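None of the values given here were measured: they were computed from a predicted structure. Numbers restart at 1 for each chain; the letters A, B, ... are given by sequence-line order, proteins then strands.
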Amino acid sequence: MRIGELAKRTGASERSLRYYEAQGLLSPSRTPAGYRIYAESDVDVVRHVQTLLAAGLNTAFIKEVLPCMVDTGEGLAPGCPELLPHLQKERARITMSIDGLATARTLLDGVISATPPDNTEYEAWVARRTG
DNA sequence: TTTCTAACA
DNA sequence: TGTTAGGA
């Protein structure tokens with residue numbers, strides 16, 4: 001099938017499909033004219049890529065683990081035991097990310113709720129722009 | 001009409 | 001990632 005059909009069947013944009021290929025996640029064959037030809041199995045590959053991306057993994061990581069992932073019918077499962085440590089490491093990375101954002105939010109909350117010493121500056125600013 | 005590559009307001 | 005130009 002060509003890119004348009006794969007896009008329709010997976011919900012991925014054609015742009016994304018070309019991007020996945022550039023990242024080594026897909027390797028469609030080509031017609032003499034250069035059009036990409038995808039295998040039926042690529043539909044599942046794209047779905048797996050989508051769920052892994054949604055899980056916060058980057059394409060480089062996905063490229064490595066994709067061959068080891070197995071479709072359970074429900075979702076994906078690690079097909080190779082040696083995959084677990086890597087997946088757990090990714091989970092830890094996401095946790096660090098969440099912690100960093102939580103800290104940023106706390107700091108911002110502090111700024112938002114802080115009471116200014118006086119409003120002189122602000123009032124002068126408002127007066128200036130409202131004329 | 002569909003797809004391709006390359007490049008960016 | 002979207003979008004667009006200019007071709008095939």
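- The shortest non-hydrogen separation linking A:Leu66 to A:Val45 is CD2-CG1, 4.0 Å.
- Atom CD of A:Gln50 is separated from atom C1' of C:dT1 by 14 Å (rounded to the nearest Å).
- We find that A:Arg93 and A:Glu90 are joined by a salt bridge, their nearest charged nitrogen and carboxylate oxygen being less than 4.0 Å apart.
- Put simply, A:Arg36 has a side-chain N or O that comes within less than 4.0 Å of OP1 or OP2 on B:dC4.
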Tell me, what's DNA chain B's dot-bracket, Watson-Crick or G-U with both distances under 3.5 Å, | for other-strand, [ ] crossing? .|.|||||.
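- Atoms CD1 (A:Ile37) and C1' (B:dT2) sit 12 Å apart, rounded to a whole Å.
- Taking atom CG of A:Leu25 as the reference point, atom C1' of C:dT1 lies 16 Å away to the nearest angstrom.
- One interatomic measurement links the two molecules: CZ of A:Arg18 to P of B:dT5, which rounds to 7 Å at whole-angstrom precision.
- Between A:Glu14 and A:Tyr35, the residue whose closest nucleotide on DNA chain C is further toward the 5' end is A:Glu14.
- A sub-4.0 Å separation between OP1 or OP2 of B:dT5 and a side-chain N or O of A:Arg30 is present.
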Full working for side chain to side chain contact (heavy atoms under 4.5 Å, CB included) between A:His86 and A:Phe61: CA-CA 9 Å; A:His86 296 141; A:Phe61 185 87; 3.9 Å; yes
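- When heavy atoms are screened at a 4.0 angstrom cut-off, A:Arg2 is found touching the sugar-phosphate backbone but no base atom.
- Taking 4.5 Å as the limit, every side-chain heavy atom of A:Ile37 sits out of range of all side-chain heavy atoms of A:Met1.
- Clustering ILVMFWY residues whenever any of their side-chain heavy atoms sit less than 4.5 angstrom apart, transitively, puts A:Leu57 in the very cluster that holds A:Tyr19.
- Between A:Arg15 and A:Gly34, it is A:Gly34 whose nearest contact on DNA chain B lies nearer the 5' terminus.
- In summary, A:Glu40 and A:Arg9 engage in a salt bridge, as defined by a charged side-chain N under 4.0 Å from a carboxylate O.
- To the nearest angstrom, P of C:dT1 lies 7 Å from CG of A:Leu53.
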